[in-house]
**Q** 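One structure, pasted below without further comment.
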2 protein chains.
Amino acid sequence: MASLDRSIVANVPVFAGLSPADLDVILSEARSVRYPRECSVFDQGTEAHSFFVLLHGHLRVEKMTPQGQQIVVRYVSAGELFGVAQAMGLKEYPATAIAVVESVALCWPSKAWQHLIARFPALAAGALQTVGNRLQDTQARVLEMSSEQVEQRIAHALLRLAKQAGRKVERGVEIDFPISRQDVAEMTGTTLHTVSRILSAWEQQGLVEGGRQRIVLREPHKLFGLAEGRSKE
Amino acid sequence: MASLDRSIVANVPVFAGLSPADLDVILSEARSVRYPRECSVFDQGTEAHSFFVLLHGHLRVEKMTPQGQQIVVRYVSAGELFGVAQAMGLKEYPATAIAVVESVALCWPSKAWQHLIARFPALAAGALQTVGNRLQDTQARVLEMSSEQVEQRIAHALLRLAKQAGRKVERGVEIDFPISRQDVAEMTGTTLHTVSRILSAWEQQGLVEGGRQRIVLREPHKLFGLAEGRSKE
DNA sequence: TCGTGGACTTGCGTTGCAGCAAACTGCGTC
DNA sequence: GACGCAGTTTGCTGCAACGCAAGTCCACGA
């Protein structure tokens with residue numbers, strides 16, 4: 001396989017604090033893999049054989065209850081470390097990751113983790129930060145679900161998506177990958193129907209613009225107001 | 001200060017994989033602190049000056065929304081690492097930790113973290129597992145809040161508490177620290193009133209036994225059935 | 001012993017949202 | 001160009017749980 005140049009991971013926060021030479025060593029153990037749209041990178045319950053860094057694209061991470069209910073855990077964007085189940089002491093992936101657009105990821109065998117962090121403590125520190133941020137996000141979500149109404153939760157979710165994967169278009173900010181009302185419902189702990197109703201209402205007011213698996217925020221600022229719970233005036 | 005003997009941390013999972021000599025080095029930088037009941041160990045929003053290992057007692061970790069709503073993030077039991085905000089890249093504690101019973105913790109200055117993990121990679125690995133477990137728990141909670149009814153969520157919460165801090169008594173399993181209905185409500189994203197109603201109903205059926213800041217599970221197995229969503233027969 | 005306040009209980013009215021059902025629409029495909 | 005499906009919209013109905021309010025009970029301190 002052609003060796004990977006370290007310039008491709010220049011913007012990966014988890015590798016910040018590593019010298020170019022260290023990076024070369026780390027990259028020499030990786031291979032890059034392409035995932036077509038709707039293809040799964042790993043599946044909940046299967047052996048955690050690898051960990052990854054997303055180079056390009058977007059993934060949806062979803063998790064299923066024993067009863068068969070599904071939720072969207074989060075979306076992964078380029079530059080993020082993911083699939084570190086093994087490092088967290090799990091033998092199996094706790095969720096499923098699916099490419100929502102054609103994506104490319106670096107991939108290391110999980111067993112490389114042990115000796116990599118022994119040799120490069122900065123890597124462990126970076127991973128700890130990544131997982132820590134995720135923990136913060138997840139706790140924020142619990143807080144939202146405990147204290148906010150559905151409308152506010154959806155507003156928050158859209159704003160977060162826009163921040164993470166927003167693309168400026170003439171009419172506002174578009175979420176840069178296909179996302180259905182069902183997906184939004186699974187992010188916010190509500191139903192497809194309720195999301196549809198609320199987005200329709202917002203579209204009437206000119207706050208958003210919809211479409212098939214497409215959402216454009218036209219008035220992010222007003223949405224932010226809604227998210228913070230200011231009643232509509 | 002009297003130096004700390006490594007036997008006191010023999011059962012701390014985060015220190016597994018470290019040699020006795022390593023442990024001595026790590027412990028030499030720690031001091032132990034006693035916290036009376038209802039006393040805070042650290043406060044949300046204040047500088048993350050230290051990280052801790054709980055030696056004895058129980059802590060309640062709670063978090064407040066900007067709007068003033070509060071939730072219980074989790075309970076910390078003896079042997080757990082906590083307050084690792086700095087290691088996760090935060091400058092401030094994201095939550096408040098309060099001793100629910102008289103407690104004792106080991107305490108390190110946050111700035112020690114850097115050089116400790118550089119010297120003892122196993123420590124970083126342990127911390128990653130700790131934070132990883134917490135992430136799993138929090139995600140499980142999101143799943144519960146998305147897919148379960150209040151009654152099931154409360155059953156799950158009580159079973160988790162019993163597992164983590166249950167004490168066998170003649171009549172069943174008692175939760176080993178004072179916990180109010182309000183606390184349970186803040187753990188499950190519901191209200192004091194609803195918790196009270198449900199616990200009363202359960203008490204009628206002989207599933208639990210209540211009291212002022214006291215909960216005894218008399219039929220954990222039946223509760224488990226409820227938690228799994230099997231309708232009451 | 002009595003008083004006070006915090007924890008808990010319980011009834012009642014209200015409501016946000018889920019659940020069901022049915023129709024619509026845009027997109028890919030044959 | 002027609003078909004079929006997946007994604008979406010929308011109306012209606014029911015109910016779980018919230019919010020309020022009015023109590024009771026118990027622990028602790030004076």
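Order of the sequence lines fixes the chain letters, A, B, ..., with proteins taken first and strands second; residue numbering starts at 1 for each chain.
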**Q** Applying salt bridge (charged side-chain N to carboxylate O under 4.0 Å, His left out), run through R160(A) and E144(A) and close with a yes or a no.
**A** CA-CA 13 Å; R160(A) 231 176 298 128; E144(A) 278 180 23; 2.7 Å; yes
**Q** Rounded to whole angstrom units, what separation is found between the CD atom of Q213(A) and the P atom of dA6(D)?
**A** 12 Å
**Q** Rounded to whole angstroms, how far apart are CD1 on I154(A) and C1' on dA18(C)?
**A**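 From I154(A) CD1 to dA18(C) C1': 13 Å.
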**Q** List, with names and distances, any nitrogen or oxygen atoms from the protein found under 3.5 Å away from nitrogen or oxygen atoms belonging to nucleotides 25-30 of chain C.
**A**
residue, atom, partner, partner atom, Å
dG26(C), N2, R212(A), NH2, 3.3

**Q** What is the separation between atom CD on E203(A) and atom P on dT9(D), rounded to the nearest whole Å?
**A**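 Distance check: E203(A) CD to dT9(D) P gives 7 Å.
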**Q** Should the pair R34(A)-E102(A) be classified as a salt bridge under the 4.0 Å nitrogen-to-oxygen rule?
**A**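 Looking at R34(A) and E102(A), the cut-off is met.
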**Q** Calculate the interatomic distance between R181(B) atom CZ and dT10(C) atom P; express it in whole Å.
**A**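 In whole Å, dT10(C) P and R181(B) CZ are 11 Å from each other.
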**Q** Are F42(A) and H49(A) an aromatic pair by the rule of ring centers under 6.0 Å?
**A**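 No, the ring centres sit 6.0 Å or more apart.
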**Q** Rounded to whole Å, how long is the line connecting atom CD of Q69(B) with atom P of dC18(D)?
**A**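 Atom CD in Q69(B) sits about 11 Å away from atom P in dC18(D).
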**Q** Which whole-number value in Å describes the distance from E148(B) CD to dA17(D) C1'?
**A**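 From E148(B) CD to dA17(D) C1': 16 Å.
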**Q** Using side-chain hydrogen bond (donor to acceptor under 3.5 Å, both in side chains), reason through Q164(A) and S77(A) one step at a time and then give a plain yes or no.
**A** CA-CA 7 Å; Q164(A) 193 193 340; S77(A) 298; 3.0 Å; yes
**Q** Closer than 4.0 angstrom, basic N to acidic O: yes or no for R153(B) and E148(B)?
**A**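 No, no charged N to carboxylate O under 4.0 Å.
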**Q** Check the distance between dC17(C)'s C1' and R153(A)'s CZ and give it to me in whole angstrom.
**A** 10 Å
**Q** Using side chain to side chain contact (heavy atoms under 4.5 Å, CB included) as the criterion, point out the one residue from E209(A), R167(A), R218(A) that pairs with E174(A).
**A** R167(A)
**Q** What integer distance in Å separates I215(A):CD1 from dT9(D):C1'?
**A** 15 Å
**Q** Within residues 188-200 of chain A, which residues have any heavy atom lying less than 4.0 Å from an atom of DNA chain C?
**A** G189(A), T190(A), T191(A), H193(A), T194(A), R197(A)
**Q** Which part of the nucleic acid does G211(A) contact within heavy-atom distance under 4.0 Å: base, sugar-phosphate only, or nothing?
**A** sugar-phosphate
**Q** Would the distance check show the side chain of T138(B) and the main-chain N or O of Q139(A) forming a donor-acceptor pair, the cut-off being under 3.5 Å?
**A**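 Between the backbone of Q139(A) and the side chain of T138(B) there is no qualifying donor-acceptor contact (under 3.5 Å).
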**Q** Can you tell me if T46(A) and D43(A) form a side-chain donor-acceptor pair at under 3.5 Å?
**A** no
**Q** Check this for me, if you would: do E47(A) and K91(A) make a salt bridge, where the nitrogen-to-carboxylate-oxygen distance has to be below 4.0 angstrom?
**A**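 Not counted as a salt bridge, because no side-chain N and carboxylate O are separated by less than 4.0 Å.
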